[in-house]
Amino acid sequence: MRNAICWALMAIVLSGCTLGLDWYHKFRARRAIGQGDYGRAIQIIREIKDRDPDDQRSIQWARWGARVAHMEAKDYAAAVDFYKHLVIRSSSSSERKNAQTLVAQIYFEHLQDFNRAVIEYEKLLKLDSLPAEKFRYRLNLAKSHFQLNNLEQAANEIDVLLQEQLEPEQVFDAKVVKASIFMADKKLTQAAQSWEELLREFPEQSKREKIALNLVVCYEELKDFAKAIEILEGMKDDYPDPDFLNMRISRLRDRKINQPGAQGWKR
């Protein structure tokens with residue numbers, strides 16, 4: 001009886017039966033995962049996925065590999081490889097789009113490969129998407145250009161967004177990026193105007209995101225120390241770290257006193 005069972009099992013594996021081989025490789029991958037050897041598990045899954053890429057079973061392996069690499073192993077480069085397999089070969093349009101979204105997100109958030117993020121978000125913008133999705137894609141496209149110091153293109157993407165019908169939170173997020181672009185481009189007067197506009201239009205969001213501190217930096221760069229001090233003084237009532245504000249105020253007062261032309265300045 002025992003020999004019969006052994007021969008039956010061997011027949012399943014050695015005959016090249018696909019189901020038997022799939023079971024065997026899943027067993028190996030699951031054992032590796034159980035042992036915490038995610039690298040080995042991902043290698044096994046990738047080998048089977050690539051054995052016959054056009055076979056629909058490769059889609060199942062790619063799904064599993066993406067989940068293991070992305071969620072468990074945090075191996076983002078491997079996750080991108082699996083998701084791209086789904087983008088190219090899945091028969092489901094929703095799965096292809098979701099995989100493409102995750103590819104762009106990984107390049108943007110985890111790998112911080114902003115050149116690739118630009119390419120992947122541009123692909124997403126060509127697809128049919130909900131307004132909220134399109135907003136997120138273009139906002140991250142603008143941020144990617146910002147990180148690459150493509151400031152003019154980043155500003156253009158934000159301008160496109162601001163021409164759309166947006167929710168208030170979306171307008172706030174887009175205008176924050178636009179003000180940051182002005183700062184990076186040393187257009188300090190425009191940056192100051194943008195930060196002040198945000199403080200007026202979105203007081204609660206601005207308080208949470210500490211927008212006033214960005215305005216302080218802007219006025220400090222403009223050497224308008226009095227204005228920077230005034231803003232810091234106005235923040236004292238509800239800022240969680242008053243000592244930090246007092247330190248900034250003291251430093252700015254020293255800079256104001258010691259700047260050329262100021263009263264009390266000596267050669």
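Please read all numbers here as calculations on a predicted model, not as lab measurements.
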Verdict with supporting geometry, Arg116 and Glu120, salt bridge (charged side-chain N to carboxylate O under 4.0 Å, His left out): CA-CA 6 Å; Arg116 289 297 316 183; Glu120 303 304 334; 2.5 Å; yes

In Å, rounded to the nearest 0.5 Å, how long is the span from [atom1] of [X] to [atom2] of [Y]?
| X | Y | atom1 | atom2 | result |
| --- | --- | --- | --- | --- |
| Tyr137 | Gln100 | OH | CD | 9.0 Å |
| Ile231 | Ile249 | CD1 | CD1 | 11.0 Å |
| Arg31 | Gln35 | CZ | CD | 6.0 Å |
| Gln163 | Asp159 | CD | CG | 6.5 Å |
| Ile45 | Ser58 | CD1 | OG | 13.0 Å |
| Leu213 | Arg248 | CG | CZ | 6.0 Å |

Stepwise side chain to side chain contact (heavy atoms under 4.5 Å, CB included) check, Glu197 with Gln193: CA-CA 6 Å; Glu197 183 179 292; Gln193 292 171 351; over 6 Å; no

Pairs involving residues 176-205, ordered by first then second residue, that meet ring pair (Phe, Tyr, Trp, His ring centres under 6.0 Å) (sequence neighbours left out):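 Found Phe172-Phe202.
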
Under the 3.5 angstrom rule, does the side chain of [X] hit a backbone N or O of [Y] as a donor-acceptor pair?
| X | Y | answer |
| --- | --- | --- |
| Asn258 | Asp254 | yes |
| Ser194 | Gln190 | yes |
| Asn150 | Gln153 | no |
| Lys74 | Met71 | yes |
| Arg89 | Pro53 | yes |

Considering only heavy atoms from C-beta outward, does the side chain of [X] approach that of [Y] to under 4.5 Å?
| X | Y | result |
| --- | --- | --- |
| Lys175 | Glu201 | yes |
| Tyr38 | Asp75 | no |
| Ile48 | Asp50 | no |
| Glu233 | Leu245 | no |
| Asn156 | Glu152 | yes |
| Glu169 | Phe135 | no |
| Lys134 | Ser129 | yes |

Contacts of Glu164 that satisfy side-chain contact (heavy atoms from CB on, under 4.5 Å) - sequence neighbours left out: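 Result, side-chain contact (heavy atoms from CB on, under 4.5 Å) vs Glu164: Leu166.
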
Any residue meeting side-chain contact (heavy atoms from CB on, under 4.5 Å) with Ser92, in chain and number order, not counting sequence neighbours: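 Scan of Ser92 (side-chain contact (heavy atoms from CB on, under 4.5 Å), adjacent residues dropped) gives Ser90, Ser94, Glu95.
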
Worked verdict on Tyr76 versus Tyr107 for side chain to side chain contact (heavy atoms under 4.5 Å, CB included): CA-CA 8 Å; Tyr76 298 113; Tyr107 277 129; over 6 Å; no

CA sep, side-chain torsions, deciding dist, call: Lys26, Trp61, side chain to side chain contact (heavy atoms under 4.5 Å, CB included): CA-CA 9 Å; Lys26 285 178 182 176; Trp61 286 94; 3.5 Å; yes

Asp241, CG atom: more than 12 neighbouring heavy atoms under 6.0 Å: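 For Asp241, atom CG is crowded (more than 12 foreign heavy atoms under 6.0 Å).
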
Geometric cation-pi criterion, Arg46 with Phe82: 6.0 Å, 45°: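 The answer is yes; both the distance and angle limits are met.
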
Tell me which donor-acceptor pairs under 3.5 Å the side chains of residues 215-226 have, and how far apart each pair is, sequence neighbours excluded?
unit_1	atom_1	unit_2	atom_2	d
Tyr219	OH	Glu196	OE2	2.3
Glu220	OE2	Arg251	NH1	3.0
Glu220	OE2	Arg251	NH2	3.4
Glu220	OE2	Arg255	NH1	2.9
Asp224	OD1	Lys227	N	3.2

Among Glu133, Glu157, Glu122, the one residue meeting salt bridge (Lys or Arg N to Asp or Glu O under 4.0 Å) with Arg138: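 Exactly one pass, corresponding to Glu157.
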
Electrostatic pair Asp52-Arg57, nearest N-O below 4.0 angstrom: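 Arg57 and Asp52: not salt-bridged.
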
Side chain to side chain contact (heavy atoms under 4.5 Å, CB included) between Lys97 and Val87, worked out: CA-CA 7 Å; Lys97 180 182 173 184; Val87 169; over 6 Å; no

Verdict with reasoning, Lys49 to Asp81, per salt bridge (charged side-chain N to carboxylate O under 4.0 Å, His left out): CA-CA 11 Å; Lys49 169 185 72 72; Asp81 175 62; 3.6 Å; yes

Tyr83: partners by ring pair (Phe, Tyr, Trp, His ring centres under 6.0 Å), with sequence neighbours left out: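 If we apply the ring pair (Phe, Tyr, Trp, His ring centres under 6.0 Å) test to Tyr83, skipping adjacent residues, the hits are His70.
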
Inter- and intrachain pairs under side-chain hydrogen bond (donor to acceptor under 3.5 Å, both in side chains), touching residues 204-216, at least two apart: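 Passing the test, one end in residues 204-216: Lys207-Asp238.
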
